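Note that the coordinates shown come from a computational prediction; the quantities given were computed from them, not determined experimentally.
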Amino acid sequence: WTLEQGGLFLLTDAQWEWSAQGGKRRLKYATRTGRLTSRSGSKLAHCSVGHREQSTIDVDDPDYADGPFGLRHKTGNVCEWVERNPNEKYQYGLRGGSWGSGYPGYLRVAFRNDFVPDYRSDYVGLRVGAPAPQDLR
């Protein structure tokens, strides 16, 4: 799915996962460290695990860390749709977990959910991609 203006597109499952893992760093969670909490114990991802989160948060909230490549909230704010892939077990994918996730495993980069495309919720959204500069490829 590509928008003609600006070259924006819905990420493929592989593109979403690569960027959330920090490229070749292969992080478990989409935070700079690959963990859900910092060494001091502060949260690096927005989720209900022990914190009773009630809604999404502003993407500029400084209390939560940037993820790999400076991407914010790929883990923990909303599950994000990825492009349909008929060759995958889950043809329509949601990636990234959300504040409503009650289990840390739902926030792992590898976690996938298989809701149907007309599913709507306040913890489901999307992120569009754009062509990357040559030095990031």
Side-chain angles (χ1 to χ4, degrees):
W1 179 68
T2 302
L3 296 176
E4 295 300 321
Q5 289 186 325
L8 301 176
F9 56 90
L10 194 60
L11 299 175
T12 65
D13 186 78
Q15 289 169 326
W16 190 98
E17 186 165 324
W18 182 86
S19 62
Q21 288 181 327
K24 295 178 182 178
R25 291 180 61 203
R26 312 250 333 139
L27 301 171
K28 183 175 182 177
Y29 298 98
T31 63
R32 284 197 186 279
T33 63
R35 300 175 50 92
L36 290 178
T37 56
S38 69
R39 289 186 179 168
S40 66
S42 62
K43 291 190 301 178
L44 298 178
H46 186 59
C47 66
S48 289
V49 181
H51 299 287
R52 309 269 190 263
E53 307 291 359
Q54 298 296 311
S55 66
T56 58
I57 60 170
D58 186 321
V59 295
D60 291 324
D61 188 323
D63 292 336
Y64 298 91
D66 285 341
F69 305 117
L71 298 171
R72 298 186 70 99
H73 308 295
K74 279 201 91 167
T75 292
N77 209 20
V78 296
C79 298
E80 298 175 357
W81 287 107
V82 293
E83 183 178 301
R84 177 179 183 266
N85 184 344
N87 298 319
E88 292 290 327
K89 177 180 177 183
Y90 302 128
Q91 290 187 18
Y92 299 98
L94 286 175
R95 304 298 303 272
S98 75
W99 56 271
S101 300
Y103 303 99
Y106 288 0
L107 302 178
R108 289 179 307 116
V109 169
F111 180 75
R112 290 165 174 81
N113 204 322
D114 64 342
F115 288 122
V116 294
D118 61 352
Y119 180 78
R120 302 291 183 266
S121 172
D122 56 354
Y123 54 87
V124 173
L126 64 95
R127 180 185 306 255
V128 294
Q134 287 290 17
D135 60 340
L136 292 179
R137 292 184 182 177

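Under the salt bridge (Lys or Arg N to Asp or Glu O under 4.0 Å) criterion, Glu53 pairs with Lys43, sequence neighbours left out. Judged as a salt bridge (Lys or Arg N to Asp or Glu O under 4.0 Å), and not counting sequence neighbours, Asp58 has no contacts. Every salt bridge (Lys or Arg N to Asp or Glu O under 4.0 Å) that Arg127 has, sequence neighbours left out, goes to Glu80.
Taking each heavy atom of Tyr106 and Phe111 in turn, the nearest pair found is O-CD2, 3.4 Å. Here the closest heavy-atom approach between residue Leu27 and residue Arg32 is recorded as CD1-O, 4.0 Å. Of all the heavy atoms in Leu10 and Gln15, the pair that sits closest is O-OE1, 4.4 Å. The nearest pair of heavy atoms linking Arg95 to Asp13 is NH1-OD1, 2.5 Å. When all heavy atoms of Asn77 and Val59 are compared, the closest pair comes out as ND2-CG1, 4.3 Å. For the residue pair Pro68 and Gln21, the shortest heavy atom distance occurs at CG-C, 4.3 Å.
Here the side chain of Arg112 pairs a donor or acceptor atom with the backbone of Ala110 at under 3.5 angstrom.
Other residues, nucleotides and ligands contribute more than 12 heavy atoms inside 6.0 Å of the OH atom of Tyr119.
The CZ atom of Arg25 sits 8.5 Å away from the CZ atom of Phe69 when rounded to the nearest 0.5 Å. Atom OG1 of residue Thr56 and atom NE2 of residue His46 lie 6.5 Å apart, to the nearest 0.5 angstrom. Between the CH2 atom of Trp99 and the CG atom of Asp122 there is a distance of 4.5 Å, given to the nearest 0.5 Å. From Tyr123, atom OH reaches atom SG of Cys47 across 14.5 Å, with rounding to the nearest 0.5 Å. How far CZ of Arg108 is from CD of Glu17: 10.0 Å, rounded to the nearest 0.5 Å.
Counting heavy atoms from C-beta on, the side chains of His73 and Ile57 come closer than 4.5 Å. Under the 4.5 Å side-chain criterion, counting only non-hydrogen atoms from C-beta, Trp16 is in contact with Lys74. Taking the side chain as every heavy atom from C-beta outward, Asn113 and Cys79 never approach each other to under 4.5 Å.
Leu107 belongs to a hydrophobic cluster with Tyr29, Leu36, counting contacts under 4.5 Å between side-chain heavy atoms of Ile, Leu, Val, Met, Phe, Trp and Tyr, direct or through other members. Hydrophobic clustering, defined by side-chain heavy atoms of Ile, Leu, Val, Met, Phe, Trp and Tyr closer than 4.5 Å, leaves Leu44 isolated from every other such residue. Clustering of Ile, Leu, Val, Met, Phe, Trp and Tyr by side-chain heavy atoms under 4.5 Å joins Val78 with none of the others.
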